[in-house]
Amino acid sequence: MRPPHLRPLAGGIFIALASGVAAQDAQLAPVVVTATRTAQSPYDIPAAIDVVATPPDGSLDVNLSERVQAIPGIVARDRQNYAQDTQVSIRGFGARSTFGIRGVRLYTDGIPASMPDGQGQVSHFNLDSADRVEVLRGPFSALYGNASGGVVQLFTADGTEPPELRFGIAGGSNGNLRASVNARGVDGPVDYNVDFTHFRTSGYRDHSAARRESGNAKIGWKIDDDARLTLVVNTLDVPDAQDPLGLTRAQYRADPRQVAAVANTFDTRKSADQQQAGLIYDQRIDDANSLRVMGYYGQRGVTQYLSIPVATQVAQPGNSGGVVDLDNEYGGGDVRWTWRDTLAGRPFELAAGMAYDNQEQHRQGYNNFVGGTLGVRGDKRRDEIDRVFDFDQYAQATWRIADDWSLMGGVRHSDVRFRSTDHYIAPGNPDDSGTVKYSATTPVFGVLWRAVPWMHVYANWGRGFETPTFSELGYRADRGAGLAFDLKPSRSHNAELGLKLRPADGIETGLAVFRADSDDELAVATNLGGRTTYQNIARSRRQGIEASFSAGLARNLRFVASYTHLQATFRTPFLTCVAAGCPAPDTSVQAGTRIPGVPRSTGYAALKYGGERGWQAGLDMNAMGATSVNDLGTESAPGYALFGMSGGYVFDQGPWRVNTFARVDNLADRHVIGSVIVNDGNGRYYEPSPGRTFLVGVDVRWR
């Protein structure tokens, strides 16, 4: 069966005209805060923002990819590899990342989950205790600072009245098991939401077993009618998650469940543990003024065993070895003042603040062998202290200048400083200490026209920027000492035009067209002995169309759909490496070549039946267009369409609510490539997805 090609733009426009930038569930009017920093309806915001307020039907609900699949513009790939984080990109930003998440800002309850250099992770997102996930796309993302190609923010639910105890368990194919316990409630001036979730899997592929424990607690204290204090604490433990690595095209065709031989040889794996706490103080000063103060602190440790050959480590004195040991301490704060009143007799809102974030990372590297024993920690090869901090100032305003018109604008100034202190200096490995500073001012502006009550038209424009991360600054292309000081931050000009429609009760539909032109895009320069270096590409472009749809077709019957068509290309030629270990860029990449990691198009559709109780059923489809895997564009992962089906029954009697469910994914049992490793130096670009899988579970709620 040939994979579907979602390429025709005309067809995409036709589909999008019946779609919209809308919430998945229109039965309850959602509010969002990520775009404006105050609670507003997404229908009245001149930006593309969506909210997912409920978990998907009959799912494990342990990966962000399960929550955001119906939102256009965002691609979140479940890699079937818990030694690496979920791949997340928004409108093509962040697609180049091979580990961690870059180019997209991440937050939990307003607390950054992205480091000051722009790299982050979502592994500690505790979905079981979440109230909603918000996804902001387009120019207004720049008001969150460095690497704001988009913003993903998770919000923990407040305590409930009456109090609830929740228990859940789900299991199925490939040894997947999720068990969770949650308590939430209100006791006088205090409300709480405390959760613990255990997940483990044997893995679809060989050498891909993992275990993950995640805890999250949100405790709020209503000091008085005008003041509130909120404590958010979370923890994560992922011990020795096996890393199956990627496969070449030939390996994938021969057996998609296999692993590269070196994964077993070196027992490739990763352990991560994280503890984080944040404190948020909200104060209403008077009818017009309010203040918000947030501070946070965290620790994260990572130990990873790579598959770098022994001969490579022995032959290259400057090699960092095959074992990575990172100890991170990070923290920061944000102070924001908000004024709500009138200006020239019209409603006006202004938010202004300052943010500071700091990270100190002790990076060590070791050989991954001792004598003839492989996959163990050997001699030290790297030892440095890396520090990065940012200090930003921002202001954002919304002004309803007439009944039918609103203006929204803002500006953010960012300073990002990197400093590396090298404590490992040896023959062939000189002192790599150094510092570098980046700064940028990013303005944004938008306008919303309420053409008629059922149709809103909006347009916006802005600038954004993205610094290199410490991983990209770590090595110079000329193999000299010090950081890669020659790398520049990528700067972008973004524009968007859209419609938001509510033609009838229970229906939301619309259309968004966007374009982002970037200067100094970051791309791979060389791959040599486990050392990847980067370079700036003069110009690149991301443009496309995105939409989603939500409508109630009948009582308890709902249809949702989304579609994205994206053209992401390099606009100027450059040189890159082809063979693993090439010492300098030697092959030309032509202008117009697709940016790797960005699918041509994505689509989602689901038909859902069910209410608060009784029978539940659903049928859904996920589609992904072809995805280039390297800068040359010589290889790509083919597109696919996968179908899933779910069903269950909800009992709701007295204090008890019991949700039983079952699910089948990939009904046709197709072999597909679910995610890709961009520019892998060994040509192992492909990470296969499972065939047909089954899941059963039950969630119990006692009020």
Side-chain angles (χ1 to χ4, degrees), residues 16 19-24 29-52 68 71-74 90-93 103-107 110 132-145 147-153 155 347 349-351 394-401 404-412 442-451 455-464 492-502 508-516 542-548 550 562 564 566:
S19 313
V21 181
Q24 272 187 261
V31 295
V32 293
V33 303
T34 303
T36 61
R37 293 185 166 87
T38 59
Q40 293 193 33
S41 166
Y43 190 57
D44 292 316
I45 296 173
I49 182 167
D50 284 81
V51 56
V52 181
V68 300
I71 296 178
I74 181 172
I90 293 181
R91 293 183 175 178
F93 288 99
V104 176
R105 296 294 295 184
L106 308 169
Y107 291 83
R132 66 189 190 278
V133 177
E134 295 181 12
V135 179
L136 172 64
R137 309 175 299 283
F140 276 94
S141 304
L143 291 178
Y144 283 84
S148 295
V151 180
V152 178
Q153 185 156 196
F155 292 91
E349 180 177 297
L350 173 67
Y394 60 88
Q396 183 172 349
T398 303
W399 189 20
R400 187 158 182 169
I401 59 173
D404 297 335
W405 293 88
S406 291
L407 303 179
M408 190 167 83
V411 63
R412 186 173 183 123
T442 52
V444 296
F445 177 78
V447 58
L448 178 78
W449 176 39
R450 298 169 180 83
M455 181 176 69
H456 290 180
V457 183
Y458 72 92
N460 54 52
W461 173 91
R463 296 176 181 170
S492 60
H493 297 263
N494 309 296
E496 179 180 54
L497 177 65
L499 294 174
K500 299 185 180 186
L501 309 177
R502 290 182 173 177
E508 297 192 4
T509 181
L511 177 69
V513 180
F514 60 89
R515 175 166 154 177
R542 297 164 174 87
Q543 62 183 4
I545 184 172
E546 65 185 27
S548 65
S550 178
S562 65
T564 304
L566 179 58

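Everything numeric in this text was worked out from a predicted model, so none of it was measured. The basis for the numbers below is simple: all heavy atoms, side chains too, and nothing from hydrogens, waters or symmetry mates.
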Check: Mind checking whether V68 and D50 have side chains closer than 4.5 Å, heavy atoms only?
Finding: no

Notebook entry, point to check: Out of curiosity, H493 NE2 to R463 CZ, how far, rounded to the nearest 0.5 Å?
Noted result: 5.5 Å

Note to self: How long is the straight-line distance from CG of N460 back to CE of M408, given to the nearest 0.5 Å?
What the structure shows: 7.5 Å

Next item on the list: Grab the two heavy atoms, one from A512 and one from Y458, that are nearest each other, plus how far apart they are.
Entry: CB-OH, 3.7 Å

Margin query: For a quick test of reading the model, state the closest non-hydrogen atom pair linking H456 to Y43 and the distance between them.
Written below: ND1-O, 2.9 Å

Next item on the list: Can you measure from CG (L511) to CD1 (I545) and round to the nearest 0.5 angstrom?
Entry: 4.5 Å

Note to self: Measuring from atom CZ of R515 to atom CH2 of W461, what distance do you get when rounded to the nearest 0.5 angstrom?
What the structure shows: 13.5 Å

Margin query: Give me the atom names and distance for the closest heavy-atom approach of R412 to Y394.
Written below: NH1-CD2, 3.6 Å

Notebook entry, point to check: Which heavy atom of G73 sits nearest a heavy atom of E546, and at what distance?
Noted result: CA-OE1, 3.1 Å

Note to self: Taking E349's backbone N and O only, do any of them form a donor-acceptor pair with T398's side chain (distance below 3.5 Å, no angle check)?
What the structure shows: no

Item checked: Atom pair OG1/CZ of T442 and F140 - distance to nearest 0.5 Å -> 11.5 Å

Check: K500 side chain to A47 main-chain N or O, any donor-acceptor pair under 3.5 Å?
Finding: yes

Notebook entry, point to check: On the ring face of F514, is R137 found with NZ or CZ under 6.0 Å from the centre and within 45° of the axis?
Noted result: no

Notebook entry, point to check: Is the closest side-chain donor-acceptor distance between S406 and R450 under 3.5 Å?
Noted result: yes

Checklist line | Close side-chain approach of E134 to V33, heavy-atom, < 4.5 Å | finding: yes

Next item on the list: Apply side-chain contact (heavy atoms from CB on, under 4.5 Å) to the pair V151 and L143, showing each step before the final yes or no.
Entry: CA-CA 10 Å; V151 180; L143 291 178; over 6 Å; no

Notebook entry, point to check: Would you call T34 and F155 a side-chain contact if the rule is heavy atoms closer than 4.5 Å?
Noted result: yes

Checklist line | Any L407 side-chain heavy atom under 4.5 Å of F445 side chain | finding: yes

Check: Any idea which heavy atoms bring P46 and V447 closest together, and the distance?
Finding: CB-O, 3.7 Å

Item checked: Exercise: identify the closest heavy-atom pair between P72 and A547 -> CB-O, 3.3 Å

Notebook entry, point to check: When rounded to the nearest 0.5 angstrom, what is the spacing between CZ in F93 and OG in S492?
Noted result: 4.5 Å

Notebook entry, point to check: Are side-chain heavy atoms of E496 and P139 found at a separation under 4.5 Å?
Noted result: yes

Next item on the list: Would you indicate whether the side-chain heavy atoms of R91 and N494 approach each other to under 4.5 Å?
Entry: no

